[in-house]
Amino acid sequence: MNEKDLKPRTGDGDRKKRKRKKQRKTGAKRLLIVLGTLIILAAALLISAKIAWPDVDLLFFLPETAHQLVHEELLSNTTTTTTEPVIETTTLPTTTKPAGHYAPIEEFAFEQSKKGNLMGNLLQGGKAWHDNDYIYHIVDCDGIYRFYPGSETFYRLYASPDYLANLNVGEEYLYFTNQTDKKLYSVKKKDGKELTPLADNVKTAYLYDGIIYYITYSNLVCRLDTADGSSVTLYSSSSDEVRLVGISLTRVYFTATDSFGTCRFWTVDNEGEEKPVMFREVANQKELVAPVLEDGFLYYYTPNGDGSFDLQRQKFGSENTVTLVEGAAVASYAIVDLNSLFYAHRDGDTFIAKELNMNTGEKVVRLKANQVTDDNELMYQHGGSYDFIIGYRNPKSWIYYGSCSQTSSNLIMYFSDGKWAY
């Protein structure tokens with residue numbers, strides 16, 4: 001032990017430590033005060049901006065990771081998603097949730113690969129859809145075909161002399177309805193075998209994540225589990241005509257139209273444990289035409305005075321509407337695939353199938369058919385990289401056209417006598 005170790009300790013070292021500790025605490029308090037002041041100023045600035053410009057998107061000024069921390073109610077239900085188009089917007093003032101049922105957008109966070117088809121495809125016939133490898137499409141009174149886009153080769157997977165509809169593509173099975181016996185069936189996707197009836201009297205059917213939601217001709221709304229075949233009736237009507245509109249992760253949405261033409265929009269939980277809730281009412285069903293709920297947005301047509309229609313989009317639970325297409329003639333339900341909207345309308349004697357990019361507003365013609373009359377029975381089906389126009393362009397002319405999105409819309413495939421050909 002040296003001499004320094006034997007010297008008595010003084011309080012100088014302890015005092016210096018306490019002084020430095022006090023200085024650190026004082027500095028931390030000052031920093032918190034400065035940060036708090038900046039946050040208050042920023043909040044005041046954003047609130048002032050929102051008051052001055054109600055339509056401004058305040059999320060633009062926040063980091064992407066902070067978007068999830070902003071509750072939509074604080075922004076008066078005017079927040080947008082990446083699919084918000086850059087087209088004319090009509091905003092109705094609102095500071096509260098609309099009357100009736102409301103569901104946050106998270107309720108519509110679907111996994112796209114689990115969809116059996118797109119709602120718009122199904123509501124106008126459900127003749128085509130695809131998986132990662134093939135496009136499957138129905139040919140009336142012929143069967144179901146499997147089409148390989150890579151080489152444009154095809155094969156009749158399942159033969160049937162009947163009219164088929166509501167094609168849904170699952171992991172191992174295809175699901176469809178037979179409009180002759182009105183049954184819902186499944187068949188092996190691999191070889192078209194093991195045809196199995198699943199439900200009776202089915203008009204419309206939609207598959208998501210192994211669950212089929214279907215409407216019957218007797219106006220029942222039902223849920224069927226494809227794993228065990230069990231089914232539950234979620235809603236029934238003795239007189240109103242019921243039509244499927246869409247689903248969320250926990251609910252089913254549909255309309256019920258009475259004999260006077262009043263259309264009521266209903267929703268019920270997909271377990272059938274709660275009473276149905278009406279979330280909208282339209283006095284005349286002609287005022288809101290062909291409603292489709294896809295990924296949390298409602299698409300529909302509204303009439304103009306000149307006989308044309310505007311195609312509208314409305315985020316579920318919001319009073320804001322967006323006009324996607326102006327002055328169109330209603331020819332089909334809107335078909336929505338991610339940020340693209342596919343729709344068809346007539347221009348003179350031409351039936352035109354178009355794609356609208358809802359981010360940029362750009363429109364592209366995907367396919368068209370000429371010599372179309374007023375009494376046509378054509379439907380537009382979007383099948384991923386291929387699109388189809390199917391049906392009668394006039395009472396005597398049946399057509400089945402197809403076109404690839406990577407080629408000109410004038411380069412059309414024709415289906416006839418069981419074969420595709422250019």
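The shown structure was predicted, so the numbers you read here are calculated from the model rather than taken from an experiment. This chain uses plain numbering: 1 for the first residue, then up along the sequence.
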Practice problem: Answer yes if the side chains of E107 and T250 hold a donor-acceptor pair under 3.5 Å, and no otherwise. | Solution: yes
Quiz item: What distance do L293 atom CG and M119 atom CE have between them, rounded to the nearest 0.5 Å?
Solution: 7.5 Å
Practice problem: State which residues pass side-chain hydrogen bond (donor to acceptor under 3.5 Å, both in side chains) with Y422; sequence neighbours excluded, sorted by chain then number. | Solution: E152
Quiz item: Is it the case that E241 and T257 place a side-chain donor and acceptor less than 3.5 Å from each other?
Solution: no
Quiz item: Who pairs with Y163 by ring pair (Phe, Tyr, Trp, His ring centres under 6.0 Å), at least two apart in sequence or on another chain?
Solution: none
Quiz item: Among all residues two or more places apart in sequence or in another chain, which pass the side-chain hydrogen bond (donor to acceptor under 3.5 Å, both in side chains) test with Q285?
Solution: none
Practice problem: Measure the shortest side-chain to side-chain distance between S385 and S405 over non-hydrogen atoms and say whether it is less than 4.5 angstrom. | Solution: yes
Quiz item: Are D269 and R251 ion-paired here, with the side-chain N under 4.0 Å from a carboxylate O?
Solution: no
Practice problem: Mind running side-chain contact (heavy atoms from CB on, under 4.5 Å) on Y155 and F147 for me, showing each step along the way? | Solution: CA-CA 7 Å; Y155 168 71; F147 181 87; over 6 Å; no
Quiz prompt | Heavy-atom check, side chain of I389 versus side chain of I399, under 4.5 Å | solution = yes
Quiz prompt | pair Y206-I247: side-chain heavy atoms closer than 4.5 Å | solution = yes
Quiz item: Who pairs with K114 by side-chain hydrogen bond (donor to acceptor under 3.5 Å, both in side chains), at least two apart in sequence or on another chain?
Solution: E111
Quiz item: What pairs meet the salt bridge (Lys or Arg N to Asp or Glu O under 4.0 Å) rule with one or both residues in residues 125-149, with sequence neighbours excluded?
Solution: K127-D140, D131-K189, D142-R156
Quiz item: Is it the case that N357 and N339 place a side-chain donor and acceptor less than 3.5 Å from each other?
Solution: no
Quiz prompt | Pairing residues for D240 by the salt bridge (Lys or Arg N to Asp or Glu O under 4.0 Å) criterion, not counting sequence neighbours | solution = none
Exercise. Sequence neighbours left out, what passes ring pair (Phe, Tyr, Trp, His ring centres under 6.0 Å) with Y208? Give chain and number order.
Key: F110
Self-check item: K183 NZ to N178 CG distance, which is reported to the nearest 0.5 Å
Solution: 9.5 Å
Quiz prompt | Heavy-atom donor-acceptor pair, N168 side chain to A205 backbone, under 3.5 Å | solution = yes
Quiz item: Just checking, is any N or O donor in the side chain of R366 or Y386 under 3.5 Å from an acceptor N or O on the other one?
Solution: no
Quiz item: Who are the ring pair (Phe, Tyr, Trp, His ring centres under 6.0 Å) partners of F342, not counting sequence neighbours?
Solution: H382
Quiz item: Is the gap between the ring centers of Y235 and F254 under 6.0 Å?
Solution: yes
Exercise. Go through the structure and list residues passing side-chain hydrogen bond (donor to acceptor under 3.5 Å, both in side chains) with K203, not counting sequence neighbours.
Key: none
Quiz item: With sequence neighbours left out, what residues match Y145 under ring pair (Phe, Tyr, Trp, His ring centres under 6.0 Å)?
Solution: H137, F415
Quiz item: Looking at residues at least two apart in the chain, or sitting in another chain, which of them share a salt bridge (Lys or Arg N to Asp or Glu O under 4.0 Å) with E106?
Solution: none
Quiz item: For residues Q314 and Y300, is any side-chain donor paired with an opposing acceptor at under 3.5 Å?
Solution: yes
Exercise. Look up atom CG in L220 and atom OG in S236, then write down how far apart they are to the nearest 0.5 Å.
Key: 6.0 Å
Quiz prompt | Candidates Y214, W129, Y158, Y136 - the one meeting ring-ring contact (aromatic ring centres under 6.0 Å, His included) with F176 | solution = Y158
Quiz item: For N166 and T177, does a side-chain donor sit closer than 3.5 Å to a side-chain acceptor?
Solution: yes
Practice problem: Take D374 and R346, measure what salt bridge (Lys or Arg N to Asp or Glu O under 4.0 Å) needs, and give me the verdict at the end. | Solution: CA-CA 9 Å; D374 291 339; R346 279 186 58 209; 2.7 Å; yes
Quiz prompt | Within residues 329-342 or reaching into it, pairs that qualify as salt bridge (Lys or Arg N to Asp or Glu O under 4.0 Å) - sequence neighbours excluded | solution = none
Exercise. Run the ring-centre check on F316 versus Y253 and record whether the distance is less than 6.0 Å.
Key: yes
Quiz prompt | Any donor-acceptor pair under 3.5 Å from Q124 side chain to Y380 backbone | solution = yes
Quiz item: Judged by atom type as modelled, is there a donor-acceptor pair below 3.5 Å linking the side chain of T267 to the main-chain atoms of V252?
Solution: yes
